[in-house]
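Beneath this line is the structure, given in structure tokens, with notes to follow.
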2 protein chains.
Amino acid sequence: MSKLDFSPIADTTRRAEIVALLRRAILTGQLEPGQKLNELRISEQMRVSRAPLREAMRELVQEGILTSIPYAGTFVVDVAAKDIVDAYSLNKVLDDFAIELAWPQRDQRFFDELDRRHEAVKQATRALDTTRQIETALQLHGLVYEWADNSVLLETWQRLTSRLQMYFALHQRARNEPVPAEDLHETYVALLKGTDMRAAQRHAREHIDNDFEALLAYARSLEKRA
Amino acid sequence: MSKLDFSPIADTTRRAEIVALLRRAILTGQLEPGQKLNELRISEQMRVSRAPLREAMRELVQEGILTSIPYAGTFVVDVAAKDIVDAYSLNKVLDDFAIELAWPQRDQRFFDELDRRHEAVKQATRALDTTRQIETALQLHGLVYEWADNSVLLETWQRLTSRLQMYFALHQRARNEPVPAEDLHETYVALLKGTDMRAAQRHAREHIDNDFEALLAYARSLEKRA
DNA sequence: TCTTGTTGGATTGTCGACAACCTGCTTGTC
DNA sequence: GACAAGCAGGTTGTCGACAATCCAACAAGA
């Protein structure tokens, strides 16, 4: 028996890489909502045939960040104000549930990971790298989901995350002065380490409200314009 | 302005039909969990090339009812006991939320539709058509999600539904004497028509417990076997 | 006997070409 | 000038064939 346990090697199929590339392009806002994806053009740019590209796009359609109309094309999903509010309110419910499930599972590894991810957020914040800040903040929040030990919940969260990340990126671009607030996560982290689950849940809800406040204002401004 | 509002015509692409065919085959248990899907064989049976078949499979992978291993194959997702418990517990949380959102939205159309779907369940029950009974029961429960007016929540529910339906079908086949209980939904429907939201939520939770009781027993028996 | 290398068959991943389809423009008619 | 029919270009959907990979069976050596 070996002491080392190897993790599965990266499955290197063109399709998987295309998915990663496209997802990143969408979530960082390089591809704008509503924009059409021309298969031939993209496949040429990526030096890849249309088959794996199309399969990748099918995956992203199911992931909810692309939308496809037969014989018309595939587009980056259009984000309405209501979608943001919807995702946001569901997120609160799921967070509550995730904290409840994760609570008894917390261990040293959890706390270590919590600190690690918190540190990553602070670093991205200092570097004024807003894209990375969004990413790391969502990863920080994702920890309780990973510890909740509920695969369906985790999967749901990950789907939601894609959208949230997209909304945030959109918002950041809209008012292109980012100004990330220094440290909104200190209390969140502290409470997750504490003994009062209810308090943690309550704070999470308020914290989310806080995080999303600007986003909601943006959402409402969209609403008015429409 | 026309008084008629036409629904979009059926998008007739092979891919879409393949998705529907495969999904049905999986959810009704014609394709068993863990079973491998041979692309060439299936494409020949369907008289279709592998391209649209593969794209369809990618969709179902993202939908969570297939799983794909590069260069090895695509398989019907293996359902572990824990998955059932996970889906089931998340379902309770979502139901709570859905009822809360749908509550103020209830109108005559809601009540009519509620009755209609309830009737469909009863009919399937009388006909001893267990597959259809599962389908209609899930549609009955889906009504509050449709009325909740939260697209993300609805989408999440639909994803969950696929799995639940699969689990139920699996369970029914395992103990192939179905014996669907006559009418567990009477109280549920009545409460949704009433004025006490809390009571409706509480009952929904218990009702789900009831519905899933046998399934949970089955899940635990799987757990022991493993 | 166990391990390691090889080989053949089967299956998945990818490619380039063709068919179906939509869209916008042109043409012809009134 | 308005409008319908039809043509042309471009894009998506589908096909059949080829390349890359995996797996099981078998052979060879320690």
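By convention in this document, chain letters (A, B, ...) are assigned in the order of the sequence lines, proteins followed by strands, and residues within each chain are numbered from 1.
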Can a side chain N or O of [X] be found less than 4.0 Å away from OP1 or OP2 on [N]?
X: B:R14; N: D:dC15; result: yes
X: A:R47; N: C:dT14; result: no
X: B:S49; N: D:dT14; result: no
X: B:T13; N: D:dT14; result: yes
X: B:R54; N: C:dG13; result: yes

task: Compare every heavy atom of A:V152 with every heavy atom of B:D83, then report the nearest pair and how far apart it is.
output: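 B:D83 and A:V152 have their closest heavy atoms at O-CG2, 4.3 Å.
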
field: Where B:A87 and B:L164 come nearest, the two heavy atoms and their spacing
entry: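 Heavy atoms of B:A87 and B:L164 come nearest at CB-CD2, 4.0 Å.
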
[X] has an atom [atom1]; how far is it from atom [atom2] of [N], in whole Å?
X: B:I69; N: C:dT12; atom1: CD1; atom2: P; result: 12 Å
X: A:E39; N: D:dT11; atom1: CD; atom2: P; result: 11 Å
X: B:E55; N: C:dT12; atom1: CD; atom2: C1'; result: 15 Å
X: A:R50; N: D:dG13; atom1: CZ; atom2: C1'; result: 7 Å
X: A:L53; N: D:dT14; atom1: CG; atom2: P; result: 15 Å
X: B:Y71; N: D:dA24; atom1: OH; atom2: C1'; result: 20 Å

- prompt: Going by modelled atom types, is there a donor-acceptor pair between the base of D:dG10 and the side chain of A:R41 at under 3.5 Å?
  reply: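 Answer no: no donor N or O sits under 3.5 Å from an acceptor.
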
- prompt: B:A51 side chain: which of D:dG13, D:dC15, C:dT12 is closest?
  reply: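 When the side chain of B:A51 is considered, D:dC15 is the closest of D:dG13, D:dC15, C:dT12.
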
Candidate nucleotides C:dT12, C:dC15, D:dG13, ranked by approach to the side chain of B:K36 - the nearest: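 Of C:dT12, C:dC15, D:dG13, C:dT12 is nearest to the side chain of B:K36.
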
- request: Rounded to the nearest 0.5 Å, what's the gap from CG on B:L138 to OG on B:S162? Could you check?
  value: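 So the gap between those two atoms works out to 9.5 Å.
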
task: Kindly compute the distance separating CD (B:E146) from CD (B:Q158), expressed to the nearest 0.5 Å.
output: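 Separation between the atoms: 7.5 Å.
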
field: Net bend of the helix from C:dT1-D:dA30 to C:dC30-D:dG1, end axes of five pairs each, nearest 10 degrees
entry: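 End-to-end axis angle: 0°.
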
message: Taking any heavy-atom pair under 4.0 Å as a contact, classify A:L37: base, sugar-phosphate, or nothing.
response: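 Sugar-phosphate only.
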
query: So, A:R106 side chain and A:W103 main chain: donor-acceptor pair closer than 3.5 Å or not?
result: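 A pair under 3.5 Å: yes.
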
message: Donor-acceptor pair, distance only, cut-off 3.5 Å: does the side chain of B:R117 make one with the backbone of B:Q139?
response: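 Yes; at least one donor-acceptor contact below 3.5 Å.
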
query: A:W157 vs A:Y145 aromatic rings, parallel, tilted or perpendicular, using cut-offs 30° and 60°?
result: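 It falls in the parallel class, under 30°.
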
